[in-house]
Amino acid sequence: MGLESKLGNMGVVTARLEDIVNWGRTNAMWPLGFGLACCAIEMMSAQASHYDLSRFGMELMRASPRQADLMIVAGRVSRKMAPVLRRLYDQMPDPKWVLSMGDCASCGGVFNNYAIVQGVDEIVPVDVYVAGCPPRPEALIDGIVKLHEKVRRSHPLKGDREPIRG
Amino acid sequence: MLTEIFKGLSITLRELFKPPVTIQYPEIKRPVRQRFRGRHELRRYADGLERCIGCALCAAACPADAIYVEPAENTDAERYSPGERYAKTYEINMLRCIFCGYCEDACPTDAIVLTDVYELAADKRRDLIYTKDMLILPPPSGKPGTPQQVAEGSYPRSILPEGLVSEP
(Lines give C-alpha, C1' and ligand atoms only; values in the text may rest on other atoms or scores of the structure.)
Protein backbone atom coordinates (compact mmCIF):
# COMPACT_ATOMS: atom_id res chain seq x y z
CA MET A 1 0.00 0.00 0.00
CA GLY A 2 1.19 3.45 -0.80
CA LEU A 3 -0.66 5.06 2.08
CA GLU A 4 1.60 3.79 4.86
CA SER A 5 4.78 5.00 3.20
CA LYS A 6 3.31 8.48 2.68
CA LEU A 7 2.01 8.65 6.24
CA GLY A 8 5.34 7.34 7.51
CA ASN A 9 7.09 10.35 6.01
CA MET A 10 4.72 12.57 7.91
CA GLY A 11 5.61 10.92 11.21
CA VAL A 12 2.33 8.99 11.50
CA VAL A 13 2.24 5.38 12.62
CA THR A 14 -0.48 3.15 11.28
CA ALA A 15 -1.67 -0.06 12.88
CA ARG A 16 -4.52 -2.47 12.69
CA LEU A 17 -7.43 -1.63 14.96
CA GLU A 18 -7.46 -5.20 16.27
CA ASP A 19 -3.87 -4.86 17.44
CA ILE A 20 -4.57 -1.59 19.22
CA VAL A 21 -7.64 -3.01 20.95
CA ASN A 22 -5.75 -6.14 22.01
CA TRP A 23 -2.83 -4.03 23.20
CA GLY A 24 -5.21 -2.05 25.37
CA ARG A 25 -6.83 -5.18 26.70
CA THR A 26 -3.59 -6.88 27.65
CA ASN A 27 -2.06 -3.87 29.34
CA ALA A 28 -4.89 -3.08 31.72
CA MET A 29 -6.38 -6.42 32.65
CA TRP A 30 -7.70 -6.02 36.16
CA PRO A 31 -8.04 -9.27 38.02
CA LEU A 32 -10.86 -10.23 40.31
CA GLY A 33 -9.49 -11.20 43.68
CA PHE A 34 -10.72 -14.74 43.88
CA GLY A 35 -8.48 -16.42 46.42
CA LEU A 36 -10.05 -19.63 47.65
CA ALA A 37 -7.14 -21.50 49.22
CA CYS A 38 -3.36 -21.62 49.51
CA CYS A 39 -2.84 -20.50 45.89
CA ALA A 40 -4.14 -17.11 47.02
CA ILE A 41 -1.02 -16.68 49.15
CA GLU A 42 1.14 -17.06 46.06
CA MET A 43 -1.20 -14.73 44.17
CA MET A 44 -0.72 -12.10 46.89
CA SER A 45 3.01 -12.69 46.65
CA ALA A 46 2.85 -12.10 42.91
CA GLN A 47 1.20 -8.75 43.65
CA ALA A 48 3.81 -7.78 46.21
CA SER A 49 6.96 -5.87 45.44
CA HIS A 50 9.25 -8.78 44.57
CA TYR A 51 7.19 -9.88 41.59
CA ASP A 52 4.95 -6.85 41.15
CA LEU A 53 2.11 -7.66 38.79
CA SER A 54 1.58 -3.93 38.23
CA ARG A 55 4.38 -4.21 35.67
CA PHE A 56 1.69 -5.86 33.54
CA GLY A 57 -1.00 -3.33 34.41
CA MET A 58 -2.64 -5.65 36.91
CA GLU A 59 -2.03 -3.82 40.15
CA LEU A 60 -5.66 -3.62 41.10
CA MET A 61 -7.29 -6.74 42.47
CA ARG A 62 -10.89 -5.70 42.19
CA ALA A 63 -13.27 -6.74 44.91
CA SER A 64 -16.23 -6.19 42.62
CA PRO A 65 -16.72 -8.41 39.56
CA ARG A 66 -18.22 -5.43 37.70
CA GLN A 67 -14.78 -3.84 37.50
CA ALA A 68 -12.77 -6.94 36.71
CA ASP A 69 -11.57 -8.40 33.41
CA LEU A 70 -9.78 -11.50 34.56
CA MET A 71 -10.88 -14.06 37.10
CA ILE A 72 -7.94 -15.82 38.69
CA VAL A 73 -9.48 -18.88 40.33
CA ALA A 74 -6.86 -19.55 42.97
CA GLY A 75 -7.69 -22.61 44.98
CA ARG A 76 -10.07 -25.50 45.29
CA VAL A 77 -13.70 -24.87 44.35
CA SER A 78 -16.16 -26.76 46.47
CA ARG A 79 -19.56 -27.79 45.13
CA LYS A 80 -21.11 -25.21 47.40
CA MET A 81 -18.85 -22.47 46.02
CA ALA A 82 -19.50 -23.40 42.39
CA PRO A 83 -22.78 -21.46 41.89
CA VAL A 84 -21.20 -18.41 43.54
CA LEU A 85 -18.23 -18.62 41.20
CA ARG A 86 -20.52 -18.89 38.18
CA ARG A 87 -22.57 -15.94 39.39
CA LEU A 88 -19.47 -13.80 39.83
CA TYR A 89 -18.34 -14.79 36.35
CA ASP A 90 -21.72 -13.81 34.92
CA GLN A 91 -21.49 -10.44 36.66
CA MET A 92 -18.15 -9.61 35.04
CA PRO A 93 -18.50 -7.38 31.96
CA ASP A 94 -17.28 -8.61 28.59
CA PRO A 95 -14.53 -9.12 27.50
CA LYS A 96 -13.59 -11.44 30.33
CA TRP A 97 -11.03 -14.15 30.85
CA VAL A 98 -10.51 -16.92 33.36
CA LEU A 99 -7.18 -18.19 34.58
CA SER A 100 -7.26 -21.42 36.51
CA MET A 101 -4.40 -21.24 38.97
CA GLY A 102 -3.05 -24.38 40.53
CA ASP A 103 -3.96 -28.03 40.45
CA CYS A 104 -7.15 -27.87 42.49
CA ALA A 105 -8.87 -25.27 40.35
CA SER A 106 -7.68 -26.88 37.12
CA CYS A 107 -8.78 -30.47 37.72
CA GLY A 108 -9.35 -31.07 41.40
CA GLY A 109 -5.70 -31.86 42.06
CA VAL A 110 -5.14 -34.08 45.02
CA PHE A 111 -8.74 -33.66 46.16
CA ASN A 112 -10.35 -36.31 44.02
CA ASN A 113 -13.57 -36.49 46.03
CA TYR A 114 -17.25 -35.60 45.95
CA ALA A 115 -16.91 -32.24 47.66
CA ILE A 116 -14.55 -30.55 45.20
CA VAL A 117 -15.39 -29.53 41.63
CA GLN A 118 -13.09 -31.58 39.40
CA GLY A 119 -11.88 -28.67 37.34
CA VAL A 120 -13.35 -25.20 37.27
CA ASP A 121 -13.91 -25.63 33.53
CA GLU A 122 -17.05 -27.55 34.44
CA ILE A 123 -18.69 -24.22 35.27
CA VAL A 124 -16.76 -21.43 33.50
CA PRO A 125 -14.67 -21.39 30.29
CA VAL A 126 -11.00 -21.37 31.25
CA ASP A 127 -8.40 -19.66 29.06
CA VAL A 128 -5.15 -20.69 30.74
CA TYR A 129 -4.35 -23.45 33.20
CA VAL A 130 -1.35 -23.04 35.48
CA ALA A 131 0.03 -26.24 37.02
CA GLY A 132 1.68 -26.31 40.41
CA CYS A 133 0.65 -26.96 43.97
CA PRO A 134 0.69 -24.06 44.54
CA PRO A 135 2.41 -22.48 41.52
CA ARG A 136 5.24 -20.09 42.30
CA PRO A 137 4.49 -16.41 41.68
CA GLU A 138 6.71 -16.72 38.61
CA ALA A 139 4.57 -19.59 37.35
CA LEU A 140 1.46 -17.44 37.75
CA ILE A 141 3.13 -14.57 35.89
CA ASP A 142 4.13 -17.06 33.18
CA GLY A 143 0.47 -18.08 32.89
CA ILE A 144 -0.57 -14.44 32.66
CA VAL A 145 2.01 -13.80 29.93
CA LYS A 146 0.64 -16.81 28.03
CA LEU A 147 -2.88 -15.41 28.44
CA HIS A 148 -1.71 -12.07 27.07
CA GLU A 149 -0.25 -13.84 24.05
CA LYS A 150 -3.56 -15.61 23.55
CA VAL A 151 -5.48 -12.34 23.74
CA ARG A 152 -3.11 -10.73 21.23
CA ARG A 153 -3.72 -13.60 18.82
CA SER A 154 -7.50 -13.43 19.12
CA HIS A 155 -9.91 -11.19 17.25
CA PRO A 156 -11.49 -8.54 19.52
CA LEU A 157 -15.01 -9.12 18.28
CA LYS A 158 -15.10 -12.80 17.42
CA GLY A 159 -15.33 -14.97 20.46
CA ASP A 160 -12.92 -17.86 20.04
CA ARG A 161 -14.07 -19.59 23.17
CA GLU A 162 -14.43 -23.32 23.44
CA PRO A 163 -17.78 -24.57 24.69
CA ILE A 164 -18.02 -25.44 28.34
CA ARG A 165 -17.36 -29.08 29.03
CA GLY A 166 -20.08 -31.35 30.37
CA MET B 1 4.33 16.61 66.00
CA LEU B 2 6.53 18.08 63.32
CA THR B 3 9.49 15.93 64.35
CA GLU B 4 7.37 12.80 63.92
CA ILE B 5 6.49 13.80 60.39
CA PHE B 6 10.17 14.22 59.51
CA LYS B 7 10.96 10.98 61.29
CA GLY B 8 8.43 9.18 59.14
CA LEU B 9 9.50 10.91 55.97
CA SER B 10 13.14 10.09 56.65
CA ILE B 11 12.25 6.42 56.13
CA THR B 12 10.67 7.33 52.80
CA LEU B 13 13.79 9.27 51.85
CA ARG B 14 16.06 6.44 52.90
CA GLU B 15 14.10 3.84 50.93
CA LEU B 16 14.10 6.12 47.90
CA PHE B 17 17.80 5.58 47.34
CA LYS B 18 17.78 1.82 47.86
CA PRO B 19 17.79 -0.34 44.72
CA PRO B 20 14.35 -1.75 43.85
CA VAL B 21 13.66 -5.30 45.02
CA THR B 22 11.45 -6.21 42.06
CA ILE B 23 12.69 -9.09 39.94
CA GLN B 24 11.91 -8.38 36.29
CA TYR B 25 10.57 -11.90 35.97
CA PRO B 26 10.11 -12.94 32.34
CA GLU B 27 13.54 -11.47 31.51
CA ILE B 28 15.40 -12.18 34.75
CA LYS B 29 14.72 -15.38 36.63
CA ARG B 30 15.37 -15.84 40.31
CA PRO B 31 17.39 -19.02 40.91
CA VAL B 32 15.40 -21.64 42.75
CA ARG B 33 16.48 -23.30 45.96
CA GLN B 34 18.66 -26.36 45.76
CA ARG B 35 15.92 -28.76 46.84
CA PHE B 36 13.13 -27.18 44.78
CA ARG B 37 10.78 -29.68 43.20
CA GLY B 38 9.42 -28.88 39.77
CA ARG B 39 8.67 -30.74 36.57
CA HIS B 40 9.80 -34.38 36.37
CA GLU B 41 12.29 -35.96 34.04
CA LEU B 42 13.13 -39.55 33.26
CA ARG B 43 16.83 -40.30 33.22
CA ARG B 44 18.99 -42.74 31.27
CA TYR B 45 22.09 -44.77 31.96
CA ALA B 46 25.41 -43.75 30.44
CA ASP B 47 24.99 -46.32 27.65
CA GLY B 48 21.69 -44.77 26.56
CA LEU B 49 19.31 -47.32 28.12
CA GLU B 50 16.35 -45.99 30.07
CA ARG B 51 16.48 -46.25 33.82
CA CYS B 52 12.73 -46.73 34.14
CA ILE B 53 11.83 -50.42 34.39
CA GLY B 54 8.07 -49.93 34.39
CA CYS B 55 7.51 -51.19 37.94
CA ALA B 56 4.88 -48.48 38.62
CA LEU B 57 6.02 -47.98 42.20
CA CYS B 58 5.91 -44.24 41.51
CA ALA B 59 2.26 -44.57 40.49
CA ALA B 60 1.54 -46.50 43.67
CA ALA B 61 3.30 -43.93 45.84
CA CYS B 62 1.64 -40.95 44.17
CA PRO B 63 -0.92 -39.42 46.57
CA ALA B 64 -2.72 -37.63 43.75
CA ASP B 65 -2.84 -40.54 41.24
CA ALA B 66 -1.08 -38.36 38.70
CA ILE B 67 1.17 -41.04 37.18
CA TYR B 68 0.11 -43.71 34.71
CA VAL B 69 2.58 -46.44 33.75
CA GLU B 70 1.99 -49.22 31.27
CA PRO B 71 4.85 -51.74 31.17
CA ALA B 72 5.91 -54.02 28.33
CA GLU B 73 8.45 -56.82 27.96
CA ASN B 74 12.04 -56.16 26.90
CA THR B 75 13.81 -58.43 24.45
CA ASP B 76 17.52 -58.47 23.61
CA ALA B 77 16.70 -57.47 20.04
CA GLU B 78 14.72 -54.45 21.25
CA ARG B 79 16.01 -53.41 24.62
CA TYR B 80 14.78 -50.24 26.29
CA SER B 81 15.93 -50.80 29.86
CA PRO B 82 17.86 -53.44 31.82
CA GLY B 83 15.87 -56.44 33.03
CA GLU B 84 12.55 -57.81 31.97
CA ARG B 85 10.30 -54.82 31.54
CA TYR B 86 10.27 -51.20 30.50
CA ALA B 87 7.67 -48.45 30.58
CA LYS B 88 5.80 -48.50 27.28
CA THR B 89 3.57 -45.62 28.33
CA TYR B 90 4.58 -43.18 31.00
CA GLU B 91 2.31 -40.24 31.61
CA ILE B 92 2.20 -37.62 34.33
CA ASN B 93 -0.73 -35.29 34.64
CA MET B 94 0.91 -32.06 35.75
CA LEU B 95 -2.48 -30.72 36.80
CA ARG B 96 -2.84 -33.55 39.33
CA CYS B 97 0.77 -33.66 40.47
CA ILE B 98 1.44 -31.87 43.73
CA PHE B 99 5.24 -32.06 43.37
CA CYS B 100 5.70 -33.91 46.65
CA GLY B 101 8.61 -36.00 45.35
CA TYR B 102 7.26 -39.33 46.62
CA CYS B 103 7.78 -40.82 43.15
CA GLU B 104 11.44 -39.88 43.38
CA ASP B 105 11.67 -41.64 46.75
CA ALA B 106 9.83 -44.73 45.56
CA CYS B 107 11.85 -45.27 42.39
CA PRO B 108 14.23 -48.24 42.79
CA THR B 109 16.45 -47.19 39.88
CA ASP B 110 16.46 -43.38 40.41
CA ALA B 111 14.80 -43.04 37.02
CA ILE B 112 12.42 -40.23 37.88
CA VAL B 113 13.74 -37.00 39.31
CA LEU B 114 12.14 -33.64 39.87
CA THR B 115 13.85 -30.74 38.14
CA ASP B 116 13.61 -27.02 38.78
CA VAL B 117 11.30 -26.18 35.87
CA TYR B 118 8.16 -24.49 37.17
CA GLU B 119 6.75 -22.78 34.09
CA LEU B 120 3.85 -25.11 33.46
CA ALA B 121 0.97 -23.29 31.84
CA ALA B 122 -1.16 -24.18 28.86
CA ASP B 123 -4.52 -23.28 27.45
CA LYS B 124 -5.68 -26.88 27.22
CA ARG B 125 -5.73 -29.49 29.95
CA ARG B 126 -4.51 -32.09 27.52
CA ASP B 127 -1.27 -30.19 26.93
CA LEU B 128 -0.38 -30.59 30.59
CA ILE B 129 -0.44 -34.38 30.49
CA TYR B 130 3.23 -35.05 29.90
CA THR B 131 4.04 -38.21 27.96
CA LYS B 132 7.20 -40.28 28.06
CA ASP B 133 8.66 -38.48 25.03
CA MET B 134 8.33 -35.15 26.80
CA LEU B 135 9.73 -36.39 30.10
CA ILE B 136 12.68 -38.52 29.02
CA LEU B 137 16.13 -37.02 28.65
CA PRO B 138 17.93 -37.41 25.33
CA PRO B 139 20.61 -40.14 25.28
CA PRO B 140 24.13 -39.05 26.26
CA SER B 141 26.13 -37.65 23.34
CA GLY B 142 27.45 -40.34 21.01
CA LYS B 143 25.21 -43.02 22.48
CA PRO B 144 22.26 -44.61 20.70
CA GLY B 145 18.72 -44.09 21.93
CA THR B 146 16.25 -46.83 22.66
CA PRO B 147 15.42 -49.53 21.57
CA GLN B 148 18.92 -50.98 21.33
CA GLN B 149 20.06 -54.34 20.05
CA VAL B 150 22.29 -55.94 22.68
CA ALA B 151 24.11 -59.25 23.10
CA GLU B 152 21.96 -62.02 24.52
CA GLY B 153 21.86 -62.20 28.30
CA SER B 154 23.82 -59.01 28.89
CA TYR B 155 21.15 -57.38 31.04
CA PRO B 156 19.62 -60.11 33.21
CA ARG B 157 18.64 -57.86 36.12
CA SER B 158 16.47 -54.76 36.35
CA ILE B 159 18.55 -53.24 39.09
CA LEU B 160 22.14 -53.34 38.03
CA PRO B 161 24.98 -54.26 40.38
CA GLU B 162 27.37 -51.38 41.03
CA GLY B 163 29.97 -50.91 38.35
CA LEU B 164 28.23 -52.78 35.53
CA VAL B 165 26.94 -49.59 33.96
CA SER B 166 28.69 -46.36 34.80
CA GLU B 167 26.68 -43.51 36.27
CA PRO B 168 25.73 -40.68 33.94
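Letters A, B, ... mirror the listed sequences (proteins, then strands); counts begin at 1.
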Can you tell me which of [options] forms the most heavy-atom pairs within a distance under 4.5 Å of chain B?
options: S49(A), G143(A), A48(A), P137(A); value: S49(A)
options: E138(A), K146(A), M101(A); value: E138(A)
options: V128(A), V145(A), L99(A); value: V128(A)
options: G109(A), A139(A), S100(A), G132(A); value: G109(A)

Lys/Arg N to Asp/Glu carboxylate O, R157(B) vs E84(B), below 4.0 Å:
no
Any carboxylate oxygen within less than 4.0 angstrom of a Lys/Arg side-chain nitrogen, looking at D121(A) and R125(B)?
yes
Does one hydrophobic cluster hold both V117(A) and V84(A), with members joined at side-chain heavy-atom distances below 4.5 Å?
yes
For the hydrophobic clusters of this structure (ILVMFWY residues joined by side-chain heavy atoms under 4.5 Å, transitively), does one cluster hold both I141(A) and I23(B)?
yes
[X] versus chain A, heavy atoms under 4.5 Å apart: side chain, backbone, both or neither?
X: L128(B); result: side chain
X: R39(B); result: neither
X: F99(B); result: side chain

State the CZ-CH2 distance between R152(A) and W23(A), to the nearest 0.5 angstrom.
10.5 Å
Can you spot which of T146(B), L49(B), I53(B), N74(B) makes a side chain to side chain contact (heavy atoms under 4.5 Å, CB included) with Y86(B)?
N74(B)
